[in-house]
Visitor: 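One structure coming up, written as structure tokens, with questions to follow.
Computed from a predicted structure; not experimentally measured. Computed from heavy atoms alone, side chains included, the values below leave out hydrogens, waters and symmetry copies. Per chain, numbering begins at 1; letters A, B, ... match sequence-line order.
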Protein chains: 2
Amino acid sequence: MAYFDAASGAPLHSVARQALLASLDEGWADPARLYREGRRARMLLDAAREAAAEAVGCRVDELVFTSSGTRAVHTGIAGALAGRRRVGRHLIVSAVEHSSVLHSAEVHESGGGSVTEVPVDRGGAVDPAAYGDALRADTALACLQSANHEVGTEQPVAAVAGRCREAGVPLLVDAAQSLGWGPVEGDWSLLTASAHKWGGPSGVGLLVVRKGVRFSAQGPVDERESGRAPGFENLPAIVAAAASLRAVRAEAAAEAARLRELTERIRARVPGLVPDVEVVGDPVRRLPGVVTFSCLYVDGEALLHELDREGFSVSSGSSCTSSTLTPSHVLRAMGVLSEGNVRVSLPVGAAEEDVERFLAVLPGAVAGVREKLGAPVSGAVVREADVLVVDSLGKRCPIPVIELAKVIGDVPVGGLVRVLSDDEAARLDIPAWCEMRGQEYVGEEPADKGTAYLIRRVS
Amino acid sequence: MAYFDAASGAPLHSVARQALLASLDEGWADPARLYREGRRARMLLDAAREAAAEAVGCRVDELVFTSSGTRAVHTGIAGALAGRRRVGRHLIVSAVEHSSVLHSAEVHESGGGSVTEVPVDRGGAVDPAAYGDALRADTALACLQSANHEVGTEQPVAAVAGRCREAGVPLLVDAAQSLGWGPVEGDWSLLTASAHKWGGPSGVGLLVVRKGVRFSAQGPVDERESGRAPGFENLPAIVAAAASLRAVRAEAAAEAARLRELTERIRARVPGLVPDVEVVGDPVRRLPGVVTFSCLYVDGEALLHELDREGFSVSSGSSCTSSTLTPSHVLRAMGVLSEGNVRVSLPVGAAEEDVERFLAVLPGAVAGVREKLGAPVSGAVVREADVLVVDSLGKRCPIPVIELAKVIGDVPVGGLVRVLSDDEAARLDIPAWCEMRGQEYVGEEPADKGTAYLIRRVS
């Protein structure tokens, strides 16, 4: 088995495992207590905080341990917004943030706040100038991830932090995907991270609030973790999280170079191995271990199952997975193809031969899925005046695009195809298909049922 | 070393340790993922939920895992209050709830809600009829602990749940202290608990919401744990928590009988071994492993240190500890002595010889502290008309009571002593001393500085 989904959660690092075992005996008591077991627990907690703060590059009293990265984001955003309530209620996020950030923004908006979502380019990155333009006199907080979790693109955090600093607005950086690789550059104000992304145990997140940043923790009072993370500290896990952060950092430079070479192989060779593939995300400014591509005419979930059978664990931002009916908001914001989407995120230590085997297996897996989908019950094809109408109502991604591809040759160059679809993914995938195929995407219009997408045959 | 503070957190149960180790390898992946590692994690999570639900006596889909007992309480109270927002904004709690409940009530009140605190008797229990009287047409939620964390008194949960059910008000039971001993009786609606109280790892709490209870999770949306506990599941720890709950339940009946006998020894023998001691909490309806007593003329923190030096880890609800300047709200609500307070809470497996050694060591430890305090710089004693005035301003618990005790013999029977004190603990401890000593507590009145407490010599 090859586990290629480290961006979801990395397997436990051996150092984390050792630290966890050692502190099960020493670190179970309440660190707030004065007796021996409590003092030992306190010492472990203090040492873990020191190690984590050193890795982040912050003061010890700026860092608290939360119960997850998601919780760190929720707490950080709510506390920073409340702390600057007097300045205003405007929040800036990028369009490709993690769901924990976007869901915090939704809550803020439904509570009467305003939110600006800064768009990204086709590579998935924000433009610092455009981000800066979103800053307003009433902006209470700005949020930007250090690197994207779905496509690996690194954001220009230092440049954005500079613009925020000039405007006097604190920047919260979600560093979940990058903290294991190195500290976040630039003059940020708040930072969040998640231990199980760097090989620590689950149940541990980090929230850093720089001194001088106004912060007002929300919810019931609790004396633990500076009042920012209620509940008994998850102590043995915190110790393991800090120890493994230090360990992955020690090997980060060498391992980053190695994984970057492996993902570069995938980036370079997949388009040659599999027809009709779009590799997405910035080719250069990216995380070492992440590479994402989308395959035309492929059902993402079916491809995941096919790869799982071959022994590869990957994830997908396609809408065609059992847990979601809409394509990933990241792929949508980038305007790239979402169907047949595959994210490969290599864990530390990923073996070269597994990557080679993945490349060997992928073409067959994609072809197999395409073959199964290749002869779907075709939509009724109705030739009207000079428009060919494809009725894909009720059919799910990637069927509408497959049916479009089947009939485009049936209209003369300059002729139109009108695809009727009620699948949300079509809105993204039909224009993306046009771009990949060099056909002209004319636009969409409401239809009696669903939406009509108009495509002009160019070649 | 003998660790006698299980009510704060129990040492990791051997079964929890084994389960944790086993699931570190099998349960680190994201249970929401479709590939092999994700499916294994999902199976472990499902099995843990089944085991925990069976121990609680609820449906599997009624139980979610949170990151701590405190978080379960915060989430449960906020969600139940929001779910019944239309009914009203009245919340009922007992006066002796855990701080997580009381802090949730504070937040509710500061947000415009109303709160009724139901008093307790001198044993620490609420009266079901009095609790029922607090129910109103606009009561959204009622909260009652299954047993008190500081004195071990069991609450009449089933009777109170019955009254709440009649009134159509959901009852949330904080079962943190009792769930390891058995399911909570009665027709409750919500239940919370904390794994590290029964020997599970830290980082795991339970929140149970019965079907049919209106519940609206607050905060940003998250798809995990039915939307009630955001963030990646703390999976190996959840598996360990469920396994150890099952394990402690299997031995609960025998172990409860054994610990009850040990705590009964302490209850029975401490008043004979140590002069001027008040054993507090219900003598019969109580947790098996908890016994609490207060020692006159003793500084709680000093006694904790003395016992720590002798190898005993206990906790104190006294105001005289480094973390607090006010006595425990539980002792205050009960109206019992708070000075020199000691809570002994025996963990599962506590050794009889350690309890015997504790009883052997305690008299000397108390005497040592008293000796050190026995010759404080005495307050200026000023005899006015027919009142003897003791100026204890600026002196901390237990000094005001010590000075009162020193001079009570100096006034004739029927004469008055007026103690000036600005220590909050005096408000509780001077009346408690009067009750223990058979003197008459006349009352308090504001003084130029602090408060004047009036005591009439009766005998």
Side-chain angles (χ1 to χ4, degrees), chain A residues 1 3 5 8-12 17 20-21 24-25 28-30 32-38 67-71 73-74 77-78 99-100 103-104 106-107 194 196 201-205 219-223 230-237 301 304-305 307-308 312-315 321-323, chain B residues 1 3 5 8-12 17 20-21 24-25 28-30 32-38 67-71 73-74 77-78 99-100 103-104 106-107 194 196 201-205 219-223 230-237 301 304-305 307-308 312-315 321-323:
Chain A
M1 290 299 299
Y3 178 78
D5 196 23
S8 285
L12 198 65
R17 191 188 173 89
L20 188 63
L21 293 191
L24 285 180
D25 295 325
W28 52 267
D30 185 346
R33 297 290 175 185
L34 303 171
Y35 43 69
R36 192 169 310 202
E37 295 87 349
S67 58
S68 67
T70 289
R71 191 60 92 169
V73 165
H74 291 178
I77 293 179
S99 60
S100 57
H103 289 149
S104 292
E106 283 165 19
V107 164
S194 170
H196 76 110
S202 52
V204 182
V221 174
D222 193 271
E223 74 281 6
F232 199 92
E233 288 90 348
N234 188 8
L235 197 44
E301 184 160 335
L304 253 50
H305 282 304
L307 290 169
D308 180 48
F312 293 97
S313 301
V314 297
S315 80
T321 56
S322 55
S323 58
Chain B
M1 291 300 299
Y3 178 77
D5 196 23
S8 286
L12 199 65
R17 191 188 173 90
L20 188 62
L21 294 190
L24 284 179
D25 295 326
W28 52 268
D30 185 344
R33 297 291 175 186
L34 301 172
Y35 44 68
R36 192 170 311 205
E37 296 87 349
S67 58
S68 67
T70 289
R71 191 59 91 171
V73 165
H74 291 178
I77 292 179
S99 59
S100 57
H103 289 149
S104 292
E106 283 165 19
V107 164
S194 169
H196 76 110
S202 52
V204 182
V221 174
D222 193 270
E223 73 282 5
F232 198 93
E233 289 90 348
N234 188 9
L235 197 45
E301 183 159 336
L304 252 50
H305 283 305
L307 290 169
D308 181 47
F312 293 97
S313 300
V314 298
S315 80
T321 56
S322 54
S323 59

Visitor: Can you find a heavy atom in the side chain of A:S100 that is under 4.5 Å from one in the side chain of B:P220?
Guide: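 Side chain of A:S100 against side chain of B:P220, heavy atoms only: no contact under 4.5 Å found.
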Visitor: With a 4.5 angstrom heavy-atom cut-off, is it the side chain or the backbone of B:S99 that approaches chain A, or both, or neither?
Guide: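 Nothing of B:S99, per the 4.5 Å heavy-atom cut-off to chain A.
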Visitor: Less than 4.5 Å to any heavy atom of chain A: does that hold for the side chain of B:A78, its backbone, both, or neither?
Guide: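 Neither the backbone nor the side chain of B:A78 comes within 4.5 Å of chain A.
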Visitor: Aromatic rings A:Y35 and B:Y3: how do their planes relate, parallel, tilted or perpendicular, breaks at 30° and 60°?
Guide: perpendicular
Visitor: What distance separates A:W28 CH2 from B:S8 OG, expressed to the nearest 0.5 Å?
Guide: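 Spacing of CH2 (A:W28) from OG (B:S8) equals 9.5 Å.
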Visitor: For chain A, which candidate among B:D30, B:D25, B:V73, B:I77 shows the most heavy-atom pairs at distances under 4.5 Å?
Guide: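 Ranked by contacts with chain A, first place is B:D25.
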Visitor: Please look at B:L21 and chain A and tell me whether the side chain, the backbone, both or neither of the residue comes under 4.5 angstrom of a heavy atom of that chain.
Guide: both
Visitor: Under 4.5 Å between any side-chain heavy atoms of B:D222 and A:R71, yes or no?
Guide: no
Visitor: Which bit of B:V204 comes within less than 4.5 Å of chain A, counting heavy atoms only: side chain, backbone, both or neither?
Guide: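 Neither part; nothing is under 4.5 Å.
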Visitor: Among residues at least two apart in sequence or on other chains, which ones pass side-chain contact (heavy atoms from CB on, under 4.5 Å) with B:S315?
Guide: A:R33, B:D5, B:R343
Visitor: For B:L235, is there any backbone N or O sitting under 3.5 Å from a side-chain donor or acceptor partner on A:S202?
Guide: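 Confirmed, A:S202 side chain pairs with B:L235 backbone.
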Visitor: Using a 4.5 angstrom heavy-atom cutoff, name the option from A:S104, A:G38, A:G9 with the most pairs to chain B.
Guide: A:S104
Visitor: Minimum heavy-atom separation for A:D308 and B:L34, please, with both atom names.
Guide: OD2-O, 4.4 Å
Visitor: Under a 4.5 Å heavy-atom cut-off, does chain A meet the side chain of B:S68, its backbone, both or neither?
Guide: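 For B:S68, the contact with chain A is made by the side chain alone.
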Visitor: Heavy atoms only: give me the nearest A:H103-B:V221 pair and the separation to one decimal.
Guide: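 Closest heavy-atom pair between A:H103 and B:V221: ND1-O, 2.9 Å.
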Visitor: Which bit of B:R36 is near chain A, if near means a heavy-atom gap under 4.5 Å: side chain, backbone, both or neither?
Guide: both
Visitor: Can you tell me which of A:S313, A:P230, A:A29, A:A237 forms the most heavy-atom pairs within a distance under 4.5 Å of chain B?
Guide: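 Maximum pair count with chain B is reached by A:S313.
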Visitor: Hey, which of B:P11, B:G219, B:G231 has the most heavy atom pairs under 4.5 Å with chain A?
Guide: B:P11
